[in-house]
Amino acid sequence: MFSSSHTGRYLYPFLTWLFGPLDPVRYEFWHGLARKTGHVVGYGVLCFLYFRAWRATLRPVETQEDERSLQRWSLKWATLALIFTAFVASMDEWH
């Protein structure tokens with residue numbers, strides 16, 4: 001349903017409104033760029049949400065009760081977020 005041939009019906013009017021009349025070569029370029037940008041943004045948001053989920057789940061026990069002393073970033077959380085995002089992206093490509 002969201003293949004390149006189907007999304008062109010929606011993107012072509014938007015791109016011609018944004019850039020004016022487009023020849024087929026320019027349209028294919030902008031259409032591909034818009035689709036790839038959508039993937040990058042979508043998977044970036046997914047990775048960010050995975051990072052927040054791992055940060056909330058795997059937070060180390062702090063000895064102090066001061067909220068400012070809590071850790072804000074960890075390589076472990078970032079690695080897990082990237083691994084899970086890569087897994088979802090690979091399953092999306094396989095599907």
Side-chain angles (χ1 to χ4, degrees):
M1 181 172 182
F2 290 110
S3 68
S4 179
S5 60
H6 290 114
T7 59
R9 186 173 78 196
Y10 303 107
L11 285 176
Y12 185 74
F14 176 72
L15 290 175
T16 54
W17 173 79
L18 192 62
F19 299 111
L22 296 172
D23 60 67
V25 174
R26 285 185 79 188
Y27 168 70
E28 287 300 320
F29 170 77
W30 288 108
H31 184 215
L33 185 66
R35 290 180 53 80
K36 295 303 175 190
T37 301
H39 279 97
V40 168
V41 169
Y43 286 120
V45 168
L46 180 65
C47 190
F48 173 74
L49 293 174
Y50 270 133
F51 178 82
R52 285 181 46 101
W54 287 117
R55 183 176 68 180
T57 304
L58 301 177
R59 186 171 291 239
V61 177
E62 298 291 334
T63 56
Q64 300 174 353
E65 293 188 23
D66 185 13
E67 187 69 27
R68 292 175 292 170
S69 69
L70 293 176
Q71 189 176 2
R72 296 174 75 67
W73 191 87
S74 167
L75 183 61
K76 183 177 185 178
W77 304 334
T79 303
L80 284 170
L82 286 173
I83 288 170
F84 275 71
T85 303
F87 175 74
V88 170
S90 64
M91 290 295 104
D92 182 39
E93 287 298 317
W94 178 67
H95 178 260

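For the numbers below, each heavy atom of this structure counts, side chains included, while hydrogens, waters and symmetry mates do not. Given the structure is predicted, the values throughout are model-derived calculations rather than measurements.
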Enumerate donor-acceptor pairs with a distance under 3.5 Å from any side-chain N or O in residues 17-26 to protein atoms, sequence neighbours excluded.
| from | atom 1 | to | atom 2 | distance (Å) |
| --- | --- | --- | --- | --- |
| Asp23 | OD1 | Val25 | N | 3.1 |
| Asp23 | OD1 | Arg26 | N | 2.9 |

**Q.** Leu82: hydrophobic cluster co-members (side-chain, 4.5 Å)
**A.**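 So far as hydrophobic clustering goes, Leu82 is joined with none.
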Q) Which heavy atom of Ser74 sits nearest a heavy atom of Phe51, and at what distance? A)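 Taking Ser74 first and Phe51 second, the nearest heavy atoms are O-CE1, 4.1 Å.
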Q. Closest approach of Trp77 and Arg55, non-hydrogen atoms and distance?
A.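 For Trp77 versus Arg55, the nearest heavy atoms are CZ3-CG, 3.3 Å.
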Q) Can you hop from Phe14 to Phe29 via hydrophobic side chains spaced under 4.5 Å? A) yes
Q. Under a single-linkage definition using a 4.5 Å side-chain heavy-atom cutoff for Ile, Leu, Val, Met, Phe, Trp and Tyr, are Phe87 and Leu80 assigned to the same hydrophobic cluster?
A. no
Q: With sequence neighbours excluded, tell me which residues meet side-chain contact (heavy atoms from CB on, under 4.5 Å) with Trp94.
A: Met91
Donor-acceptor list for residues 36-47 side chains, cut-off 3.5 Å, not counting sequence neighbours:
| from | atom 1 | to | atom 2 | distance (Å) |
| --- | --- | --- | --- | --- |
| Thr37 | OG1 | Leu33 | O | 2.7 |
| His39 | ND1 | Arg35 | O | 3.0 |
| Tyr43 | OH | Asp92 | OD2 | 2.8 |

Q | By ring-ring contact (aromatic ring centres under 6.0 Å, His included) - contacts of Tyr50 (at least two apart) | A | Phe84
